[in-house]
Number of protein chains: 2
Amino acid sequence: MPLRTTVSGNETPRLRARGRRATPESPVSTARSIDSMSAPTSYGRNEPIFFEGDPADSIYKVESGCVRTYNTLDSGPRQLVSLYLAGDFFGLEGGDHHVVSAETTTASKIHVIKRRALMARKDNAAMIRNLLDLTAKDLRRAQRHNLLLLKGAQERVIGFLLDMQEREHGQNEIALHMTRRDIADYLGLTIETVSRTLSRLESESAISLPSPWRVVLNDPGMLN
Amino acid sequence: MPLRTTVSGNETPRLRARGRRATPESPVSTARSIDSMSAPTSYGRNEPIFFEGDPADSIYKVESGCVRTYNTLDSGPRQLVSLYLAGDFFGLEGGDHHVVSAETTTASKIHVIKRRALMARKDNAAMIRNLLDLTAKDLRRAQRHNLLLLKGAQERVIGFLLDMQEREHGQNEIALHMTRRDIADYLGLTIETVSRTLSRLESESAISLPSPWRVVLNDPGMLN
DNA sequence: CGTCACATTGAACCTCTTCAAGCGCCGTGG
DNA sequence: CCACGGCGCTTGAAGAGGTTCAATGTGACG
């Protein structure tokens with residue numbers, strides 16, 4: 001097993017949970033689409049965004065970074081429901097109260113969009129249709145994740161990497177934006193299994209691991 | 001291991017895939033809500049409703065029976081994405097084409113609702129909002145299913161039973177509407193594991209199995 | 001330099017799968 | 001009418017894959 005000569009980038013996985021530092025509120029945008037309706041809020045690593053049970057009066061868009069949603073009601077090990085990367089919307093489950101909690105997995109910028117602000121707009125019918133499209137997209141993502149969880153460990157990890165690659169503009173070098181624990185909790189595996197699987201894929205030169213938070217897919221097509 | 005003196009009901013799990021027999025089309029309803037916009041179509045057991053790749057020009061509501069959605073693209077063992085019971089809507093994933101296939105698991109009646117018919121109505125803004133609510137509900141269901149798949153075999157089966165109970169009006173005796181294979185493919189287990197787990201739960205008198213397609217939860221609260 | 005969080009690696013254990021056999025119900029046909 | 005065969009379900013024993021427990025490695029920061 002080759003010892004990795006790690007050259008870590010600036011994505012240092014380090015807990016720096018200072019309080020959230022809201023950027024000053026900009027005047028309400030008159031933009032046509034849901035995004036960019038407000039200035040993004042900056043979050044540190046592992047900072048909560050909302051909790052299960054909170055009133056669900058806003059939806060959210062990831063400007064940069066990464067957000068995990070999870071369920072606290074079920075005791076035992078943490079189980080992630082979803083991961084959201086730059087460009088993704090979350091908090092779309094509907095209902096009066098959130099059914100999951102949301103936290104950043106790394107330093108992130110998040111747009112917070114009040115539902116009332118959406119509905120108050122002249123073009124609110126278009127907004128609802130926009131919301132519908134976003135929710136349907138999240139549904140498709142959840143269903144694809146379901147399929148992934150019906151497979152074995154190696155296929156889960158590979159599926160995760162391919163999904164991440166697709167969501168990160170198709171580059172072969174992808175930034176994970178999260179720790180092994182997040183990956184494991186998202187895939188229903190242990191961190192040991194995730195680590196071993198990645199190591200094996202690297203030893204088979206299917207991937208490279210320049211640093212723990214970076215993965216290079218040497219042959220994305222081969223991974224299927 | 002007590003031999004079960006099975007007294008089969010009329011839910012005989014038997015292939016009887018006669019051709020679909022559409023009920024005569026009723027005049028377009030002027031009802032206020034999405035459901036009951038058309039007369040239901042009757043399907044036999046294991047009959048396809050739509051296939052992955054078909055144009056998604058309709059949404060569907062289960063009047064009675066049960067529908068499974070699954071993915072055929074990934075080779076290997078069949079993997080169910082979702083199960084829909086009486087009262088549930090499906091086909092809400094959005095997009096121009098279906099990303100899953102849908103089949104009945106048992107004789108069923110299904111409402112087929114054209115999207116165009118929805119959008120053509122005077123109150124189509126309300127219809128879209130209705131669609132949004134239904135899609136968000138399906139999303140919540142998919143996310144709950146995700147959580148289930150992150151657990152062990154016994155918890156999956158118990159979670160499945162509790163989910164079914166909740167969806168069948170909270171009665172303690174529930175009809176499964178499907179075979180062990182469907183359950184296994186939905187939970188990511190083998191039929192043997194499902195069968196064994198149910199047998200063990202019965203031997204611990206947590207449940208009773210009057211017939212393979214019927215389950216009685218002796219103490220729903222205890223199962224958590 | 002020492003500490004801390006995260007990641008990796010090894011070995012024993014356990015759960016679920018795989019393979020195999022048998023049972024019960026039902027429909028069919030001799 | 002009963003024998004046969006298909007299908008679904010159950011049960012057992014061996015095997016593989018992932019977890020658990022434990023130790024070590026690595027980089028960042030004070």
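Only a predicted model underlies this, so the values are computations on that prediction, with no experimental measurement involved. Residue numbers begin at 1 in each chain, while the letters A, B, ... track the order of the sequences.
A donor-acceptor pair under 3.5 Å links the side-chain atoms of B:S101 to the main chain of B:E52, judged by distance alone. A side-chain donor-acceptor contact under 3.5 Å links B:R156 to the backbone of B:K151.
The nearest whole Å value for the distance from the NZ atom in A:K151 to the P atom in D:dA16 is 23 Å. Put simply, CZ on A:R180 is 12 Å from P on C:dC6, counting in whole angstrom units. Distance, B:E192 CD to C:dC23 C1': 15 Å, rounded to whole Å. Between A:D185 atom CG and C:dC6 atom P the separation is 12 Å, expressed in whole Å. Going from atom CG of B:L209 over to atom P of D:dC9 covers 11 Å, rounded to whole Å. If you measure from atom CD of B:Q154 to atom P of C:dC16, you get 8 Å, rounded to the nearest angstrom. Protein atom CG of B:L198 is 10 Å distant from nucleotide atom P of D:dT11, rounded to whole Å. The nearest whole Å value for the distance from the CD1 atom in B:I191 to the C1' atom in D:dC7 is 11 Å.
Side-chain nitrogen and oxygen atoms of A:T190 include none within less than 4.0 Å of the OP1 or OP2 phosphate oxygen of D:dG18. One finds a side-chain N or O of A:W213 lying less than 4.0 angstrom from the OP1 or OP2 phosphate oxygen of C:dA7. Distances shown here put every side-chain N or O of B:S199 at or beyond 4.0 Å from the OP1 or OP2 atom of D:dT10.
Sequence order on DNA chain C of the closest nucleotides to A:S195 and B:T193 puts A:S195 first from the 5' end. Heavy-atom nearest nucleotides on DNA chain D were determined for B:R181 and for B:R196, and the one closer to the 5' end corresponds to B:R181.
Using a 4.0 Å heavy-atom cutoff across all strands shown, A:L189 reaches sugar-phosphate atoms only and no base atom.
Remark: A:R144 engages A:E166 in a salt bridge, criterion side-chain N to carboxylate O under 4.0 Å. Salt-bridge formation is not detected for the pair B:D88/B:K61: no Lys NZ or Arg NE/NH1/NH2 atom is positioned less than 4.0 Å from an Asp or Glu carboxylate oxygen.
Crowding of A:D96 atom CG: a count of heavy atoms from other residues, nucleotides or ligands under 6.0 Å not exceeding 12.
Taking only side-chain atoms of B:A153, from C-beta outward, the nucleotide of D:dG8, C:dC16, C:dT18 with the closest atom is C:dC16. Comparing atom distances between the A:R45 side chain and each of C:dA20, C:dG10, C:dC6 picks out C:dC6 as nearest.
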